[in-house]
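Here's the structure, in structure tokens; my notes come after.
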Amino acid sequence: MKIALVGATGLVGGVMRKVLEERGFGDCELIPAASARSVGKKVTFAGKVCNVVSVEEAIEHAPKYAIFSAGSGPSLQYAPLFAQKGTVVIDNSSAWRSNPDIPLVVPEINGDVVRPNDYIIANPNCSTIQMVMALAPLHKRYRIKRIVVSTYQSITGTGMKAVNQLAKERAGEPCDMAYPYQIDMNLFPHGGTFEENGYTTEETKLLNETRKILRDNEIRVSATVVRVPVTGGHSESVNVEFYEDFELSEVYDLLNNMPGVVVQDNPAENLYPMPLFAKDKDEVFVGRIRRDFSQPKTLNLWVVADNLRKGAATNAIQIMQMLLKR
């Protein structure tokens with residue numbers, strides 16, 4: 001089986017190669033593709049050295065699947081061309097997520113929305129994936145009325161340039177700036193670009209994508225995105241108000257029974273999710289589970305996941321695995 005990986009030389013592309021190997025795709029023919037400046041570079045996959053080709057050449061190979069992690073521009077340009085060849089595209093950018101005709105998928109939650117004639121499938125934003133993984137079983141039981149979420153997002157979400165900036169700053173060396181401010185010893189409430197309403201594109205994604213994945217356009221979401229000098233994953237403080245009241249014991253049961261979710265919540269032993277321990281793991285970790293006593297039917301959660309794994313590469317490859325099982 002041929003699998004094209006568009007954006008193979010990027011930070012997420014490297015994690016995707018690793019996850020493909022871990023999930024038993026090492027015998028597949030990988031076609032690594034990237035922009036013109038990366039053509040001819042070499043990447044490793046399953047112990048083999050592969051030459052990076054142009055996206056146009058990858059299209060001509062007519063792979064069974066094409067996994068994209070190259071930004072919205074290339075996705076909009078090339079995904080339809082792959083689809084015309086009969087290739088199923090799983091896109092990690094924001095290019096197709098808001099398109100009502102394109103399924104936006106977290107396999108554990110809404111894999112059933114993918115139809116046999118869907119040749120482009122959108123992978124949700126990293127911060128959305130981990131939040132809905134925790135909220136989906138609770139929404140099904142109590143129905144969500146409103147979410148207030150503050151994110152503490154890893155710099156890895158911006159790519160290798162941001163990772164290099166942090167490393168250089170900590171070493172006291174000059175560097176190219178991925179952000180308008182220093183990363184080390186700092187945090188800033190800025191993810192994506194600012195919109196006219198004062199929110200950022202990253203915050204708007206949390207609203208629109210949550211509604212689409214949970215299939216409820218009445219859910220209200222207020223989000224604040226914060227970038228922090230962390231490389232292990234994203235963290236989120238989630239305050240969620242339900243239409244129906246809940247018992248904490250049942251909340252624990254629902255979360256413990258949700259595939260892909262791990263509850264880490266024992267304050268007596270200082271057990272709670274952290275990026276330090278979420279790094280390189282596929283699970284979504286949930287802790288600090290407690291009732292909000294300031295208003296009824298409201299719950300507080302702390303949600304952490306590796307944004308490069310479940311937030312990007314792992315979810316995309318899980319979509320491919322789901323399709324293969326069908």
Side-chain angles (χ1 to χ4, degrees), residues 12 71-73 75-76 91-100 102 104 106 122-135 139 143-159 161-163 165-166 169 176-230 233-243 275 288 292 294-295 297-305 307 311-312:
V12 174
S72 296
S75 294
L76 289 169
D91 180 49
N92 195 49
S93 79
S94 61
W96 305 98
R97 293 172 185 159
S98 61
N99 187 320
I102 302 295
L104 181 69
V106 178
N123 206 38
N125 191 43
C126 45
S127 53
T128 303
I129 290 174
Q130 66 185 72
M131 185 172 77
V132 296
M133 281 286 290
L135 294 184
H139 178 61
R143 192 178 171 217
I144 294 170
K145 183 177 183 180
R146 181 173 185 256
I147 302 165
V148 180
V149 54
S150 297
T151 73
Y152 305 81
Q153 295 189 200
S154 165
I155 57 165
T156 56
T158 307
K161 187 175 181 180
V163 175
Q165 180 183 336
L166 176 60
E169 286 172 349
D176 292 333
M177 301 287 284
Y179 302 115
Y181 299 102
Q182 74 177 54
I183 299 169
D184 194 27
M185 300 294 290
N186 191 26
L187 57 82
F188 37 92
H190 183 176
T193 57
F194 282 100
E195 301 175 319
E196 289 185 3
N197 62 8
Y199 286 84
T200 69
T201 52
E202 285 284 309
E203 291 159 351
T204 301
K205 290 172 189 175
L206 279 159
L207 166 64
N208 296 334
E209 295 180 23
T210 296
R211 286 177 166 179
K212 187 173 180 178
I213 296 165
L214 296 183
R215 294 183 260 205
D216 189 339
N217 287 327
E218 294 183 9
I219 296 175
R220 291 180 286 167
V221 181
S222 180
T224 301
V225 165
V226 182
R227 192 69 70 177
V228 296
V230 168
H234 292 350
S235 304
E236 296 172 340
S237 175
V238 183
N239 179 270
V240 54
E241 180 184 0
F242 300 103
Y243 284 98
R288 299 300 316 279
D292 181 350
S294 70
Q295 66 174 11
K297 305 175 185 176
T298 304
L299 183 71
N300 286 305
L301 303 168
W302 177 251
V303 184
V304 180
N307 55 294

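Just so you know, these numbers use all the heavy atoms, side chains as well, and skip hydrogens, waters and symmetry mates. All values derive from a computational prediction rather than experimental measurement.
Under the 4.5 Å side-chain criterion, counting only non-hydrogen atoms from C-beta, Gln165 is not in contact with Asp176. In this structure, the side chains of Leu104 and Trp96 stay at 4.5 Å or more apart for every pair of heavy atoms. Annotation: side chain of Val226 is not in contact with side chain of Ser150 (no heavy-atom distance under 4.5 Å). Within the 4.5 Å cutoff, the side chain of Val304 has heavy atoms near those of the Pro275 side chain.
A donor-acceptor pair under 3.5 Å is absent between the side-chain atoms of Arg220 and the main chain of Arg146, judged by distance alone. A donor-acceptor distance shorter than 3.5 angstrom exists from the side chain of Gln182 to the backbone of Asp184, with no hydrogens or angles considered. Of the possible polar contacts, one joining the Ser154 side chain to the Val230 backbone as a donor-acceptor pair under 3.5 Å is found. Without hydrogens or angle criteria, Ser222 side chain to Val148 main chain gives no donor-acceptor distance under 3.5 Å. Panel note: side chain Arg227, backbone Ile155; no donor-acceptor pair is recorded below 3.5 Å. No donor-acceptor pair under 3.5 Å is formed between the side chain of Arg211 and the backbone N or O of Leu207. Of the possible polar contacts, none joining the Glu202 side chain to the Val225 backbone as a donor-acceptor pair under 3.5 Å is found.
Interatomic distance, CG of Asn307 versus OG1 of Thr156, reported as 3.5 Å (0.5 Å rounding). Expressed to the nearest 0.5 Å, how far NZ of Lys297 lies from CZ of Phe242 amounts to 12.0 Å. Interatomic distance, CD of Gln153 versus CG of Leu187, reported as 12.5 Å (0.5 Å rounding). With values rounded to the nearest 0.5 angstrom, Asn125 atom CG is found 10.5 Å from Ser93 atom OG. Note that CD1 of Ile147 is 7.0 Å distant from CG of Leu214, once rounded to the nearest 0.5 Å. Taking OG1 of Thr200 as the reference point, atom NZ of Lys205 lies at 8.5 Å (rounded to 0.5 Å).
A side chain to side chain contact (heavy atoms under 4.5 Å, CB included) with Val303 holds for exactly one of Gln130, His234, Arg288; it is Gln130.
Of all the heavy atoms in Ile102 and Ala122, the pair that sits closest is CG2-N, 3.9 Å. Of all heavy-atom pairs spanning Pro124 and Val106, the tightest one is CG-CG2, 3.8 Å. Here the closest non-hydrogen pair linking Gly311 and Ile129 is O-CD1, 3.7 Å. Looking at every heavy atom in both residues, Thr201 comes nearest to Gly192 through OG1-CA, 3.3 Å. Here the shortest heavy-atom pairing between His139 and Asp216 reads CE1-OD2, 3.2 Å. Listed here is the closest heavy atom pair of Asn186 and Tyr181: ND2-CB, 4.0 Å.
In terms of the side chain to side chain contact (heavy atoms under 4.5 Å, CB included) criterion, residue partners of Ser237 (sequence neighbours excluded) are, by chain and number, Tyr152, Trp302.
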Checklist line | Check against side-chain hydrogen bond (donor to acceptor under 3.5 Å, both in side chains), Asp91 and Ser75 | finding: CA-CA 7 Å; Asp91 180 49; Ser75 294; 2.5 Å; yes
Item checked: From CA spacing to verdict: side-chain contact (heavy atoms from CB on, under 4.5 Å), Ile144, Thr210 -> CA-CA 11 Å; Ile144 294 170; Thr210 296; over 6 Å; no
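Comment: Glu209 does not engage Lys212 in a salt bridge, judged by the lack of any side-chain N to carboxylate O separation of less than 4.0 angstrom.
In the model, Asn92 has a side-chain atom that pairs as donor or acceptor with a side-chain atom of Asn123 under 3.5 Å.
Below 30°, between 30° and 60°, or above 60°: for Phe194 and His190 the angle between ring planes is between 30° and 60°, a tilted geometry.
Other residues, nucleotides and ligands contribute only 12 or fewer heavy atoms inside 6.0 Å of the OH atom of Tyr199.
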